[in-house]
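Take a look at the structure set out below.
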Amino acid sequence: MKEIKIFSPATVANVACGFDVLGFCLDTIGDEMVIRKTEKKGITITKIEGYDLPFEAENNVAGVSALAMYNDLQPDCGFEIEIYKHIKPGSGIGSSSASAVGSVFGINELLGKPLDKTKLTFYAMKGEALASKCEHADNLAPAIFGGFTLVKSVNPLLVLELPTPLDLYATLIHPQIEVKTSEARAILPKEIPLSNAITQWANVGSLVHALHTSDYDLIKESLHDVVIEPYRKQLIPHFDEVKNSVLEVGALGCAISGSGPSIFALSKGETTAKAVQSAMQNVYSKTDIKFETYVSKINVQGIRVI
Ligand SMILES: Nc1ncnc2c1ncn2[C@@H]1O[C@H](COP(=O)(O)OP(=O)(O)O)[C@@H](O)[C@H]1O
Ligand SMILES: N[C@@H](CCOP(=O)(O)O)C(=O)O
């Protein structure tokens, strides 16, 4: 095989209480990428459509993760990368992650799959670090493994795959403003009160248990973030209004998606997820801010060849 086309999905990191450790994978929202073997050695980005992003491999997350893997594996060929970007950079649904994951997944397929999913996540982290100025894998892991994931540690990298309750749907609103992950990280406090830490780790533990037992009531009890949301919600216009209105129509929970500005809600069943979508639209349609909304099943497959 000389060439491969892939769908690299958008993802929701943090999932309210799990800053930098929890994430899940979205269906239908994502980038497309073509990866091609070349005789000429090295990594070259030959096409980027959708958004204005750097072509130099060392300045593009797709190039950085590909180079990290390429330099270690030293194959006797090179690779060209085409990026068809549908996920707006700085959207909070893993735009940089989709690119970082897409290049290493594609190259791995073309080389006959020498690397496992954890190793692919490891190399993708090198690219993600370019965008967010730190190595976190909470978008990368669900993009590669699919479903819900928990990153137990990044060094050594240990990813745990969590089960996805069958009737769980995500609804998202993406206000068309850019929040850079690096900037949304810079405003966070370096230390947190012990009482907040206790609440937060109790919520992470109970959310993981709720996913294992498909306990929707417990998912609802667990989807709270007392550590990060109070700081970051200032960057997202009408966050509290959106949250209150979606909870009123039956969402299990609602929080900032990744570093924002996207906001996500989880619901039991598609009907509620669609009512949540209308509630989100109602809030933002009263403002001047352009926005997009999505309803998505949880994508249990993750990145795939198309
Ligand atoms: N292939 C790429 N895809 C998305 N962003 C990229 C890419 N390469 C470099 N970047 C840079 O990464 C930043 C966006 O990443 P980030 O702030 O983490 O957004 P997101 O939350 O959507 O992942 C932007 O500054 C963008 O220019
Ligand atoms: N845990 C990270 C996740 C960033 O996600 P993104 O989709 O905004 O890149 C953080 O919250 O900083």
Side-chain angles (χ1 to χ4, degrees), residues 6 8-26 29-33 35 43 45-67 81-104 106 124-143 149-151 154 170 172 174-189 200 204 225 227-233 235-236 255-264 292:
I6 56 188
S8 195
T11 44
V12 172
N14 302 335
V15 201
C17 49
F19 180 67
D20 272 3
V21 299
L22 287 174
F24 65 82
C25 188
L26 295 166
I29 316 161
D31 294 343
E32 284 165 15
M33 292 172 75
I35 317 290
I43 301 291
I45 300 176
T46 52
K47 199 170 191 182
I48 303 176
E49 281 186 14
Y51 292 95
D52 191 14
L53 291 165
F55 272 85
E56 311 78 52
E58 54 285 359
N59 292 328
N60 190 304
V61 296
V64 174
S65 54
L67 278 169
I81 301 172
E82 295 179 1
I83 304 172
Y84 299 88
K85 194 109 206 113
H86 303 296
I87 317 171
K88 189 174 184 290
S91 56
I93 49 172
S95 175
S96 45
S97 161
S99 286
V101 160
S103 58
V104 295
M125 266 167 56
K126 308 295 167 199
E128 180 74 304
L130 175 77
S132 55
K133 312 276 180 278
C134 109
E135 289 192 347
H136 63 92
D138 50 341
N139 291 106
L140 307 168
T149 54
L150 185 142
V151 180
V154 287
L172 285 104
H174 173 207
Q176 303 288 298
I177 51 173
E178 184 176 358
V179 173
K180 285 211 156 87
T181 303
S182 53
E183 288 164 16
R185 295 182 81 83
I187 63 165
L188 299 177
Q200 198 86 349
V204 174
D225 171 12
V227 170
I228 307 295
E229 184 178 295
Y231 297 91
R232 284 187 171 170
K233 71 176 184 177
L235 305 174
I236 307 171
I256 301 169
S257 175
S259 61
S262 292
I263 304 169
F264 82 96
E292 281 173 355

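Just follow the structure's listing: the first ligand is 1, and inside any ligand the first atom is 1.
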Exercise for the section: Examine the proximity of ligand 2 to A13 and report which part, side chain or backbone, both or neither, has a heavy atom under 4.0 Å away. Expected result: side chain
Exercise for the section: May I ask you to say whether R185 pairs ionically with E183, meaning some side-chain N is under 4.0 Å from a carboxylate O? Expected result: no
Handout entry: Ligand-residue contact atoms, ligand 2 with T181, heavy atoms, under 4.0 Å
Key = 4 (C), 6 (P), 8 (O), 9 (O), 12 (O)
Practice task
For atom OH of Y231, decide whether the heavy atoms of other residues, nucleotides or ligands shown that lie under 6.0 angstrom number more than 12.
Solution key: no
Problem - F19 N/O to ligand 2 N/O under 3.5 Å - result: no
Practice task
Return yes if a side-chain donor-acceptor contact under 3.5 Å exists between S103 and S65, otherwise no.
Solution key: yes
Exercise for the section: Output yes when the distance from some N or O of ligand 2 to some N or O of S96 is under 3.5 Å, and no in every other case. Expected result: no
Handout entry: Under 3.5 Å donor-acceptor, N14 side chain and D20 backbone
Key = yes
Problem - Heavy-atom donor-acceptor pair, Q176 side chain to H174 backbone, under 3.5 Å - result: yes
Problem - Derivation and outcome, side-chain hydrogen bond (donor to acceptor under 3.5 Å, both in side chains), residues E128 and S96 - result: CA-CA 6 Å; E128 180 74 304; S96 45; 2.8 Å; yes
Handout entry: Side chain to side chain, V61 and K126, heavy atoms closer than 4.5 Å
Key = no
Problem - Residues lining ligand 1 [heavy-atom distance under 4.0 Å, listed by chain and residue number] - result: L53, N59, N60, V61, K85, K88, P89, G90, S91, G92, G94, S95, S96, S99, A131, K180, T181
Problem - Mode of D138 contact toward ligand 2 - side chain, backbone, both, neither (heavy atoms, under 4.0 Å) - result: side chain
Handout entry: Backbone of K47 reached by a side-chain donor or acceptor of E82 within 3.5 Å
Key = no
Exercise for the section: For the pair R232 (side chain) and A184 (backbone), establish whether a donor and an acceptor sit closer than 3.5 Å, ignoring hydrogens and angles. Expected result: yes
Practice task
Return a yes/no value for N139: is any of its N or O atoms, backbone included, closer than 3.5 angstrom to an N or O of ligand 2?
Solution key: yes
Problem - Whether S95 side chain and S91 backbone form a donor-acceptor pair below 3.5 Å - result: no
Practice task
Provide the number and element of each atom of ligand 2 under 4.0 Å from a heavy atom of R185.
Solution key: 1 (N), 2 (C), 10 (C), 12 (O)
Problem - Donor-acceptor contact present, side-chain S257 to main-chain G92, <3.5 Å - result: yes
Problem - Proximal atoms of ligand 2 relative to G94 (non-hydrogen, under 4.0 Å) - result: 7 (O)
Completion exercise
So for T11 against ligand 2, with non-hydrogen atoms under 4.0 Å, the contacting part is neither
Handout entry: Contacting atoms of ligand 2, where contact means under 4.0 angstrom from a heavy atom of D20
Key = 1 (N), 2 (C), 10 (C)
Completion exercise
At under 4.0 Å between heavy atoms, what of N14 touches ligand 2? The answer is side chain
Handout entry: atom 8 (O) of ligand 2 [closest protein heavy-atom partner, distance rounded to 0.1 Å]
Key = S259 OG, 2.6 Å
Fill in the blank from the handout: Note: R232, heavy atoms under 4.0 Å from ligand 2, region reported as side chain
Exercise for the section: Answer with yes or no whether G92 contacts ligand 2, where contact means a heavy atom under 4.0 Å from a ligand atom. Expected result: yes
Completion exercise
Between the CG atom in N60 and the CG atom in L53, the distance rounded to the nearest 0.5 Å is 6.0 Å
Handout entry: Any E128 heavy atom less than 4.0 Å to ligand 2
Key = no
Handout entry: D138 side-chain N/O to A13 backbone N/O, donor-acceptor pair under 3.5 Å
Key = no
